[in-house]
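What follows is a set of notes on a single structure, which appears directly below.
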Protein chains: 2
Amino acid sequence: MSTLWSRSRQAAITEVIAVAMDLFLDKGFEATTFDDIAAAAGISRRSLFRYFGTKEDIVLFHMADEGPRAAAALAARPDDEPVWTALLAILKQIENETGDPARLLKISEMMYGTPSLRARSLEKHLQWQSDLLPEVKRRLATEADLPAIAIIASAVACLDAAGEQWTRARGAIPLADLLEEAFTAVREAR
Amino acid sequence: MSTLWSRSRQAAITEVIAVAMDLFLDKGFEATTFDDIAAAAGISRRSLFRYFGTKEDIVLFHMADEGPRAAAALAARPDDEPVWTALLAILKQIENETGDPARLLKISEMMYGTPSLRARSLEKHLQWQSDLLPEVKRRLATEADLPAIAIIASAVACLDAAGEQWTRARGAIPLADLLEEAFTAVREAR
DNA sequence: GGCCTGTCTGGCACTAAGTGTCAATCAGGC
DNA sequence: GCCTGATTGACACTTAGTGCCAGACAGGCC
């Protein structure tokens, strides 16, 4: 638990991600190899594999802690707020990304345009099911897992659909609006 | 369009899938290599790659045409049936798998237990969004894509969640019941 | 029957992902 | 300054996946 070490490791990871992202956006995700990234980052291929097991992990690194963050945000919502409303609220909040919008758009285009990345992103969202499960069950006041999981999975599906539309619209429509539209459509579906 | 050839190719594919599945269920999916499958099927590795680009494709081969089939089934539902109800009906119908239940359960366990397989399965389900989009839009009487996509994505998410619970319960509860429970939970969520 | 043509096959070679091993190195505690 | 534990980079190896090419093979045509 060496704090200095953790900090320099963290710095190294951040640095590698920045370098790799530049390469991905420049040459394309699939066309960029681990060797390219390692060379550009000035570390050995083997060490790069120790930081990130796959290329997808580099792109999705920042998504790793979103599940627990979402769970915390959900627990912080008022107790009497209906689940679906609360989920919409926290997704709007979590996905309120910061940083250069143009770059974010290019990354999104890469994500939705690269099958392996898209798949990994779906997997990460899958993880949210277990992260959010306890709190959603509490709000539903039920013992059964399935209703809670179905609701979480649907909410995440809405997030994914809204994200794709946001990308298609080249960021012209705020994600929060699209999210609201998606949530409303599902809520009113019969 | 040589019919004789199509038939023998189809037979070869069916044969390879059967052989590969036995290996997967015996040794595990990840532990089985293309070389193993090619040897067991009596064809060259190179030819095997021509039939199936990836190991995942072998397992998910039968899922390939489910999207269009679902679209056709949806179009066949009564016009005045609400979308969510119609979607539930066709999913019950489509997923009414035939064959040895014990084997099906083992395959499901492999699917939900192998990340790369799970990811590919999610990708396949993603494809349903475009397959079902026209018919769902027609039923919603809307021009906008997002509401329809959100509803389809949620329905598929319910299918996935129900499938996972079915597997967890070792097939004890009929998938149709779980599907109904999931759809109801989402419909009633506020 | 023999030939032509297009397709399928298998073998070879190659790139790239991903993993195990091991010696060298580096940072911090004593 | 030395010891110890973790990190690193180099090497070797397996596996996925692809390009290329020569040979087999089936059907159509003369």
Side-chain angles (χ1 to χ4, degrees), chain A residues 1-17 19-21 23-24 26-61 64 110 114-121 123, chain B residues 1-17 19-21 23-24 26-61 64 110-111 114-121 123-124:
Chain A
M1 191 177 286
S2 151
T3 49
L4 171 72
W5 170 240
S6 325
R7 263 177 297 160
S8 70
R9 179 188 173 89
Q10 194 54 48
I13 286 180
T14 308
E15 170 72 12
V16 169
I17 291 178
V19 167
M21 278 299 182
L23 285 174
F24 290 152
D26 184 36
K27 309 174 45 174
F29 181 76
E30 326 234 74
T32 306
T33 71
F34 257 94
D35 282 301
D36 294 337
I37 303 167
I43 60 176
S44 75
R45 207 178 76 102
R46 193 65 185 86
S47 291
L48 183 54
F49 272 115
R50 282 194 192 96
Y51 286 144
F52 307 96
T54 67
K55 278 197 291 184
E56 289 79 20
D57 287 346
I58 301 181
V59 179
L60 302 177
F61 183 79
M110 186 172 78
T114 311
S116 70
L117 265 179
R118 182 78 190 267
R120 284 299 269 263
S121 151
E123 268 190 286
Chain B
M1 188 161 291
S2 150
T3 49
L4 171 74
W5 170 240
S6 326
R7 262 178 296 159
S8 71
R9 179 188 172 90
Q10 194 53 50
I13 287 181
T14 308
E15 170 70 13
V16 169
I17 291 178
V19 167
M21 278 299 181
L23 285 173
F24 289 153
D26 183 37
K27 310 174 47 175
F29 180 76
E30 327 234 72
T32 306
T33 71
F34 258 98
D35 282 303
D36 295 337
I37 303 167
I43 60 175
S44 75
R45 206 179 78 101
R46 193 64 188 85
S47 291
L48 183 54
F49 271 116
R50 276 196 270 262
Y51 286 145
F52 307 97
T54 67
K55 277 198 291 184
E56 289 79 20
D57 287 345
I58 302 181
V59 179
L60 301 178
F61 182 79
M110 186 172 79
M111 291 253 302
T114 310
S116 69
L117 265 179
R118 183 79 192 266
R120 283 299 269 264
S121 151
E123 269 189 285
K124 293 268 181 192

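Just so it is clear, the model here is predicted, and its values are computed rather than measured. The sequence lines fix the lettering, A, B, ..., with proteins before strands; numbering per chain opens at 1.
A:I13 places its CD1 atom 11 Å from the P atom of D:dT7, with the value rounded to the nearest Å. Distance B:L117 CG to D:dA16 P: 13 Å, rounded to the nearest Å. Regarding B:D35, its CG atom lies at a distance of 12 Å from the P atom of C:dG11, rounded to whole Å. Computed from coordinates, the B:I58 CD1 to D:dT15 C1' distance equals 14 Å when rounded to whole Å. The distance from atom CZ of B:F34 to atom P of C:dG11 is 17 Å, rounded to the nearest whole Å. One can place CD of A:E30 at 11 Å from P of C:dA17, the figure rounded to the nearest angstrom. Taking atom CZ on A:F52 and atom P on D:dT8, their separation rounds to 12 Å, with Å as the unit. In this structure, A:D57 places its CG atom 10 Å from P of C:dT19, rounding to the nearest Å.
Looking only at distances, no side-chain donor or acceptor of B:S121 sits under 3.5 Å from a matching main-chain atom of B:L117.
Side chains of B:S116 and B:E56: a donor on one and an acceptor on the other come within 3.5 Å.
At a threshold of 4.5 Å between non-hydrogen side-chain atoms, the residues A:R120 and A:T54 count as touching.
Between B:V59 and B:M21, the closest heavy-atom pair is CA-CE, 3.4 Å. Closest approach of A:A41 and A:V16 over heavy atoms only: CB-CG2, 4.1 Å.
For the OP1/OP2 pair of D:dT8 and a distance below 4.0 Å, the side-chain nitrogens and oxygens of A:Y51 include at least one atom meeting the criterion.
Scanning residues 38-50 of chain A for heavy-atom distances under 4.0 Å to DNA chain C yields A:R45, A:R46, A:F49, A:R50.
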Taking distance alone, no hydrogens or angles, what donor-acceptor pairs closer than 3.5 Å link side-chain atoms of residues 31-40 of chain A to residues at least two apart or in another chain?
from: A:T32; atom 1: OG1; to: A:G28; atom 2: O; distance (Å): 2.7
from: A:T33; atom 1: OG1; to: A:D35; atom 2: N; distance (Å): 3.3
from: A:T33; atom 1: OG1; to: A:D36; atom 2: N; distance (Å): 3.1
from: A:T33; atom 1: OG1; to: A:D36; atom 2: OD1; distance (Å): 3.4
from: A:T33; atom 1: OG1; to: A:D36; atom 2: OD2; distance (Å): 3.3
from: A:D36; atom 1: OD2; to: A:K27; atom 2: NZ; distance (Å): 2.9
from: A:D36; atom 1: OD2; to: A:T33; atom 2: N; distance (Å): 3.0

